[in-house]
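Counting convention: from 1, in listed order, for ligands and their atoms alike.
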Amino acid sequence: MTTVSAEPFEFVCDPKTTALVCIDFQRDFMEPGGFGESLGNDVATLRVAIEPAKRVIEAFRERGLMVIHTREGHRPDLGDLFPAKRDRGNPSLRIGDAGPMGRLLTRGSAGHDIIPELYPIEGEVVLDKPGKGSFYATDLETILRARGITHLVLIGVTTEVCVQTTAREANDRGFDCLILSDCTGSYFPEFHQSALAMFSAQGGIVGWVTDSDALLTALDKGE
Ligand code: C5J
């Protein structure tokens with residue numbers, strides 16, 4: 001077993017039944033010219049998560065542990081896009097419109113893909129999802145249960161949107177979730193802090209929070 005120093009108390013897991021879920025590290029959220037920027041966000045704020053996330057992904061790969069990548073986006077015919085989502089925020093460019101990296105948040109476009117720094121390798125699950133949560137309208141739960149996964153380490157962007165929604169969905173399904181504060185990022189620093197505080201408040205009402213160093217130290221010790 002591996003014991004990770006975390007808030008609100010130690011997170012204990014068997015790495016073999018723990019999966020790393022890398023949420024929406026997509027060019028559309030993290031690079032100029034994508035969906036995130038079309039909503040008026042400064043995408044540079046998310047990039048601090050890349051280096052620590054890379055170290056954690058590599059640690060899981062070296063140990064042969066499960067790594068999953070998610071991508072938020074829609075079918076090219078936008079048949080899975082609710083008008084409420086398309087119109088929200090009244091942006092200058094909407095989901096499905098052409099931007100500098102192809103159609104925004106649309107499967108098959110360059111912007112929809114994962115950033116090169118954190119690109120999946122062969123054998124890793126890449127899960128396309130139309131919503132914020134990684135369980136909504138996907139087969140993630142089936143994939144996890146089939147592998148006997150009981151614990152999740154969550155990293156990705158953005159902390160208070162897709163990471164938070166996924167953590168809550170996972171928690172309701174009985175998975176124990178550890179969120180890595182430095183491997184997640186938000187366009188709004190105050191939302192990042194608040195979301196992290198909400199996860200571990202009330203005795204870990206959504207899950208546990210720690211950082212990449214604490215997890216990597218525990219993985220080394222646990223061997
Ligand atoms: C957003 C996400 N922020 N991946 N998506 O719209 O958090």
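- For the pair R63 (side chain) and A59 (backbone), a donor-acceptor distance under 3.5 Å is present.
- Defined by atom type and a distance below 3.5 Å, a donor-acceptor pair is missing between the side-chain atoms of E160 and H192.
- Among residues at least two apart or in separate chains, salt bridge (charged side-chain N to carboxylate O under 4.0 Å, His left out) pairs with a member in residues 163-177 are E141-R173.
- Contact of the L78 side chain with the R103 side chain is registered, since non-hydrogen atoms from C-beta on lie closer than 4.5 Å.
- What you find for D80 and G73 is that their closest heavy atoms are OD2-O, 4.2 Å.
- T106 and H74 share no donor-acceptor pair across their side chains, judged by distance under 3.5 Å alone.
- Residues of the protein with a heavy atom under 4.0 Å from ligand 1 are D24, F29, E72, K132, V157, T158, V161, C162, listed by chain and number.
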